[in-house]
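Working notes, beginning with the structure itself.
Along the sequence shown, the residues carry numbers beginning at 1. Being a predicted model, the structure only gives us computed values, none of them experimental.
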Amino acid sequence: QVQLVESGGGLVQPGGSLRLSCAASGRSFSMYAMAWFRQAPGKEREFVVGISRSGGRTDYVDSVKGRFTISRDNAKNTVYLQMNSLKPEDTAVYYCAARYSTSDTITYRSMPYWGKGTQVTVSS
């Protein structure tokens, strides 16, 4: 099993930046595909970005392409989400999720492990 703890959320003005971190406990972090999801008030949770076990493959939802960057450090058991040019519509609770993967692919379905989330608010 793996436990996930997100951090780095906060209040930022439109156009600003934040860096989210997701620290994983447990062994074999490098065997897990990771992803970030978000849930805005009154909306369903949505996939934002995924990264493969090695970090060599990533996939972004269209609304964040060119603004968000996912990365991971398997030595530190941590995945990051750098968010630039933030917009009010990026306001949401951001969740980190993990799934054990037997190949170096991206997955965002049936994620069994979730963090508790970190709030990101973009407002002037």
Side-chain angles (χ1 to χ4, degrees):
Q1 287 194 351
V2 62
Q3 293 181 330
L4 305 172
V5 179
E6 303 95 336
S7 62
L11 173 64
V12 63
Q13 293 186 343
S17 298
L18 281 175
R19 188 195 195 201
L20 305 184
S21 298
C22 173
S25 62
R27 299 187 298 179
S28 304
F29 175 73
S30 62
M31 297 298 291
Y32 287 82
M34 304 294 295
W36 287 95
F37 293 75
R38 67 185 179 186
Q39 187 167 19
K43 296 187 177 181
E44 293 187 354
R45 186 165 56 192
E46 67 167 347
F47 167 79
V48 178
V49 57
I51 189 167
S52 63
R53 300 183 321 185
S54 70
R57 299 186 181 191
T58 59
D59 187 28
Y60 296 83
V61 68
D62 286 346
S63 60
V64 307
K65 285 181 179 177
R67 299 189 299 121
F68 290 12
T69 303
I70 190 171
S71 61
R72 66 188 295 163
D73 186 337
N74 286 343
K76 295 183 178 180
N77 285 13
T78 303
V79 63
Y80 305 97
L81 182 62
Q82 178 66 44
M83 306 186 295
N84 299 327
S85 302
L86 283 161
K87 304 176 181 180
E89 51 263 43
D90 294 318
T91 295
V93 177
Y94 283 71
Y95 298 90
C96 177
R99 180 178 179 180
Y100 186 87
S101 179
T102 57
S103 61
D104 195 36
T105 56
I106 297 164
T107 183
Y108 54 91
R109 300 184 186 276
S110 302
M111 306 293 280
Y113 304 109
W114 293 84
K116 293 184 178 181
T118 185
Q119 176 70 48
V120 172
T121 303
V122 185
S123 175
S124 56

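- Pairs of residues two or more places apart, or lying in two chains, never qualify as salt bridge (charged side-chain N to carboxylate O under 4.0 Å, His left out) while including a residue from residues 73-88.
- Applying the disulfide bond (SG atoms under 2.5 Å apart) rule to pairs touching residues 23-56 yields nothing, sequence neighbours excluded.
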List, one per line, each side-chain donor-acceptor pair under 3.5 Å for residues 113-124, sequence neighbours excluded.
unit_1 : atom_1 : unit_2 : atom_2 : d
W114   : NE1    : M111   : O      : 2.7
T118   : OG1    : G9     : N      : 3.2
Q119   : NE2    : A92    : O      : 3.4
Q119   : NE2    : T121   : OG1    : 3.3

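- The minimum heavy-atom distance linking A35 with F37 is given by the pair CB-CE1, 3.7 Å.
- Judged as a disulfide bond (SG atoms under 2.5 Å apart), not a single pair has a partner in residues 50-83 (not counting sequence neighbours).
- Annotation: side chain to side chain donor-acceptor pair (under 3.5 Å) contacts of T105 (sequence neighbours excluded): S103.
- With sequence neighbours excluded, the residues forming a salt bridge (charged side-chain N to carboxylate O under 4.0 Å, His left out) with R38 are E46, D90, listed by chain and number.
- By the salt bridge (charged side-chain N to carboxylate O under 4.0 Å, His left out) test, K65 pairs with D62, sequence neighbours left out.
- A search for side chain to side chain contact (heavy atoms under 4.5 Å, CB included) contacts involving S30 returns N74, not counting sequence neighbours.
- Within the structure, ring-ring contact (aromatic ring centres under 6.0 Å, His included) pairs that include any residue of residues 60-88 do not occur (at least two apart or interchain).
- Residues that satisfy the side chain to side chain donor-acceptor pair (under 3.5 Å) test with S54, not counting sequence neighbours, are D104.
- Every residue two or more places apart in sequence or in another chain that forms a side chain to side chain contact (heavy atoms under 4.5 Å, CB included) with Y100 is listed here: M31, Y32, T102.
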Taking only distance into account, with no hydrogens and no angle test, what donor-acceptor pairs under 3.5 Å do side-chain atoms of residues 17-28 form with protein atoms, sequence neighbours excluded?
unit_1 : atom_1 : unit_2 : atom_2 : d
S17    : OG     : N84    : OD1    : 2.9

